[in-house]
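Reading through the structure tokens given below for one structure.
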Amino acid sequence: MKKNLLIFGSGSQAKLSYNIAKQTKEYSSIKIVSFEKVRKNKKKIYYLKKIENLKTYINNNTFGLVSLGDNFYRKELISKINKKFKNFKWATVIAQNAEIGNNVKIGVGTIIMKSVFINDDSIIKNHCLINSRCLIEHDNKILNFSSLAPKVITGGNVKVGNSSFIGIGSTIKNSINIGSNTIIGAGSVVVKDCDNSSIYVGVSAKKISKRKKNTSFF
């Protein structure tokens, strides 16, 4: 029996996830749902207003996917849904043209966008966002709630901590450890390990400031 999918979000990221999920032909029904009203609604978005209203959409065959680009807001919403609905199930959505190597493990709630390449023995944990044309080399570990913007390249044996963000077009040298809750600015080249809760930019990337815990990118 095919599954039903609820995609949480109201922006472009949710619409991209909708199209990718539809192409997999894994779901009999896909709905985009939001807790915020959307003025211009070209693609039908179901306005739920509050989390309690989710119960009308959930059955034993329902899975969810939070498609928000910001790690903090994604984690916050997932936490609220898990608290209200203890047994809620999360989907893993992978674009058809993504190339996934041998022995790669991808967690629940994670989205792998178009033209992504993930090499052998890498681990992508739960509720991550891997954007278009990322190249993740062998033996990488991307931890929970982290995201890679488009065209990020990582060498082998890279680790990205929980809730970290790697900006568009950045390159991470092999065997680098990036801490949790850390931001790597767009176009940066990372050649040394990065601390927790910090912001790095540049070529080669340097720390420019600390980052408060549980804060948005913006």
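Note that the coordinates shown come from a computational prediction; the quantities given were computed from them, not determined experimentally.
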Check the hydrophobic clustering (I, L, V, M, F, W, Y; side-chain heavy atoms under 4.5 Å; chains of links allowed) and say if M113 and I32 are grouped together. yes
Looking at side-chain heavy atoms only, is the closest gap between I45 and V33 below 4.5 Å? no
Taking the side chain as C-beta and beyond, is there a heavy-atom pair between L65 and L5 under 4.5 Å? yes
Is it the case that one hydrophobic cluster holds both Y18 and I94, taking links as side-chain heavy atoms less than 4.5 Å apart, direct or via other members? no
As a quick check of understanding, evaluate side-chain hydrogen bond (donor to acceptor under 3.5 Å, both in side chains) for D120 and N103, giving each step before the final call. CA-CA 6 Å; D120 297 357; N103 198 36; over 6 Å; no
Which atom pair, heavy atoms only, marks the closest approach of E52 to F85? O-CZ, 4.1 Å
Would a 4.5 Å heavy-atom cut-off, applied to side chains only, mark S28 and K3 as touching? no
Separation between CZ (F145) and CD1 (I142), nearest 0.5 Å, reads 15.0 Å
Does the N126 side chain pair with the main chain of V108, one donor and one acceptor, at a distance under 3.5 Å? yes
Verify the neighbour count for atom NZ of K173: are there more than 12 heavy atoms of other residues, nucleotides or ligands below 6.0 Å? yes
Could you check whether any side-chain heavy atom of N119 comes within less than 4.5 Å of a side-chain heavy atom of V104, counting everything from C-beta outward? no
Evaluate side chain to side chain contact (heavy atoms under 4.5 Å, CB included) for H138 paired with N157, printing each intermediate quantity in order. CA-CA 6 Å; H138 64 89; N157 295 289; 3.6 Å; yes
Using 30° and 60° as the class boundaries, would you call the ring planes of H127 and W90 parallel, tilted or perpendicular? perpendicular
Search all heavy atoms of S170 against all heavy atoms of G185 and return the closest pair with its distance. OG-O, 2.9 Å
Indicate the atoms forming the closest heavy-atom contact of A205 with S188, along with that distance. CB-CB, 4.2 Å
Within the 4.5 Å heavy-atom criterion, are L77 and I51 side-chain neighbours or not? yes
Any chance NZ of K105 has more than 12 other-residue heavy atoms, nucleotides or ligands included, within less than 6.0 Å? no
Crowded around K84 NZ? As in, over 12 foreign heavy atoms under 6.0 Å? no
Student check: side-chain heavy atoms of K22 and Y27 closer than 4.5 Å: no
If hydrophobic clusters are built from ILVMFWY residues whose side chains come within less than 4.5 Å, do I172 and I168 share one? no
Point-to-point distance, once rounded to the nearest 0.5 Å, from OG of S34 to CG of L48: 7.5 Å
Closer than 3.5 angstrom, by distance alone: can the side chain of T110 be matched with the main-chain N or O of C128 as a donor-acceptor pair? yes
S146 side chain vs S163 backbone, donor-acceptor pair below 3.5 Å: yes
Would you say that F63 contacts F88 through its side chain, given a criterion of any heavy-atom pair below 4.5 Å between the two side chains? no
Checking V158, T154, I176 against V190 for side-chain contact (heavy atoms from CB on, under 4.5 Å), the one that qualifies is I176
Any link between V152 and V189 through a network of hydrophobic side chains (Ile, Leu, Val, Met, Phe, Trp, Tyr) touching at under 4.5 Å? no
Hey, what do you get for CD1 (I178) to NZ (K159), rounding to the nearest 0.5 Å? 11.5 Å
Set out, in order, the CA-CA distance, both residues' side-chain angles and the distance that settles side-chain hydrogen bond (donor to acceptor under 3.5 Å, both in side chains) for N181 and S197, then state yes or no. CA-CA 5 Å; N181 193 49; S197 301; 3.3 Å; yes
Minimum-distance pair of heavy atoms, taken over all atoms of V116 and N131: CG2-O, 3.2 Å
So if you build clusters from Ile, Leu, Val, Met, Phe, Trp, Tyr with side-chain heavy-atom gaps below 4.5 Å, do L129 and I184 land together? no
Output yes when a side-chain donor or acceptor of N82 lies under 3.5 Å from a complementary backbone atom of S79, and no otherwise. no
Hey, is NZ on K114 packed in by over 12 heavy atoms from elsewhere, all under 6.0 Å? no
Looking only at non-hydrogen atoms, find the nearest pair between D70 and F72 and report the distance. OD1-N, 2.9 Å
Would you say CD of Q23 has more than 12 non-hydrogen atoms from neighbouring residues, nucleotides or ligands within 6.0 angstrom? yes
Find the distance between NZ (K125) and CG (N144) and round it off to the nearest 0.5 Å. 6.0 Å
Apply the test side chain to side chain contact (heavy atoms under 4.5 Å, CB included) to residues I111 and S67: give CA-CA distance (whole Å), side-chain angles for both, the deciding distance (0.1 Å), then the verdict. CA-CA 8 Å; I111 309 167; S67 191; 3.8 Å; yes
As an exercise, state the distance from CG of D193 to OG1 of T182, rounded to the nearest 0.5 Å. 11.0 Å
Ignoring hydrogens and geometry, is there a side-chain-to-backbone donor-acceptor pair from N19 to S17 under 3.5 Å? no
Quick one, F35 and K49 - any side-chain contact, counting heavy atoms below 4.5 Å? no
Please test T62 against N59 for side-chain hydrogen bond (donor to acceptor under 3.5 Å, both in side chains), starting from the C-alpha separation and ending with a verdict. CA-CA 5 Å; T62 301; N59 58 40; 3.0 Å; yes
Atom of S164, atom of S180 and distance for their closest heavy-atom approach: OG-C, 3.4 Å
Do side-chain atoms of D139 reach the backbone of S122 as a donor and acceptor pair under 3.5 angstrom? no
Should K207 and I199 be marked as a side chain to side chain contact (heavy atoms under 4.5 Å, CB included) after you check the CA-CA gap, both sets of side-chain angles, and the distance that decides it? CA-CA 6 Å; K207 189 196 309 193; I199 300 173; over 6 Å; no
Side-chain donor-acceptor pair under 3.5 Å between S147 and N71, yes or no? yes
Please determine whether side chain to side chain contact (heavy atoms under 4.5 Å, CB included) holds for the pair L148 and I136, giving the CA-CA distance in whole Å, both sets of side-chain angles, and the decisive distance to 0.1 Å. CA-CA 10 Å; L148 275 60; I136 299 172; 4.0 Å; yes
Output the distance between atom CG (L135) and atom CZ (R133), rounded to the nearest 0.5 Å. 11.5 Å
